[in-house]
Amino acid sequence: MDVLDAMARRRSLRRYSGEPVPQVLLDRILEAGLRSASGRSRRPWELIVVRDRAMLDDLAECREQGAGMLTGADAAIVVVADPTLADTWVEDCSIVMANMQLEAAASGVGSCWIQGRLRQAADGRSTHEFVANLLKVPAPYQLEAILSLGMPEVEAPRRPFDEALLGKVHWETF
Ligand SMILES: Cc1cc2nc3c(=O)[nH]c(=O)nc-3n(C[C@H](O)[C@H](O)[C@H](O)COP(=O)(O)O)c2cc1C
């Protein structure tokens, strides 16, 4: 599958079949993240893979709303970074997330981005504080996002390209 094809298949999937994500596919998704470019190649990120059912259910509480799909997910990959290593840490983590989501789509694994940075947990703590406490993330690591993963309940149809988006492309000047 080429990259544009994987992009056409990538959808935010929040409902999963309950079937486990095969380890070989999870390993490919992690490899896609670890192959990511980063500013000055600093690679300030760390990835925490969560598969424990009780932990995934607890993690679902990391947001007031927007993380509930973790109660049905088979795995989550939590992306954190040390901001002292790179001032591009947000961009670096975002590339990791996007690459992992693309590989998930190419492998037929359902995924959804859960925003962590600048978000609140249901209990009033920041999502970062909630997740750092639950997963023992040391300072100065900061939470960027969580990728929820599971085998799709229903396969998402390949999305056609919306030609109207070409209006967002400006040639030579804005
Ligand atoms: C930076 C970013 C943050 C997002 N945060 C969440 C989130 O916290 N919870 C959620 O359910 N979806 C989240 N999403 C998924 C978007 O809602 C989704 O990508 C968008 O609605 C377009 O749908 P699609 O991914 O199927 O194309 C996020 C996506 C991005 C790129």
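Residue numbers count from 1 along this sequence. Predicted model, so just to flag it, every value in this text is computed and none were measured. Remember, it's 1-based here, ligands and their atoms both numbered in the order they're listed.
- A donor-acceptor distance shorter than 3.5 angstrom exists from the side chain of Arg53 to the backbone of Thr71, with no hydrogens or angles considered.
- Atom CD of Glu155 has 12 or fewer heavy atoms from other residues, nucleotides or ligands within 6.0 Å.
- Contact residues for ligand 1 (protein heavy atom closer than 4.0 angstrom to any ligand atom): Arg10, Arg11, Ser12, Arg14, Arg63, Gly66, Met69, Cys112, Trp113, Ile114, Gln115, Arg159.
- Residue pairs satisfying the ring-ring contact (aromatic ring centres under 6.0 Å, His included) criterion with at least one member in residues 154-174, sequence neighbours excluded, are listed as follows: His170-Phe174.
- In this structure, a donor-acceptor pair under 3.5 Å is absent between the side chains of Glu91 and Trp89.
- With hydrogens and angles ignored, the 3.5 Å screen pairs a side-chain donor or acceptor of Arg63 with a backbone N or O of Gln65.
- Using modelled atom types, one finds no donor on one side chain facing an acceptor on the other under 3.5 Å when comparing Glu153 with Ser17.
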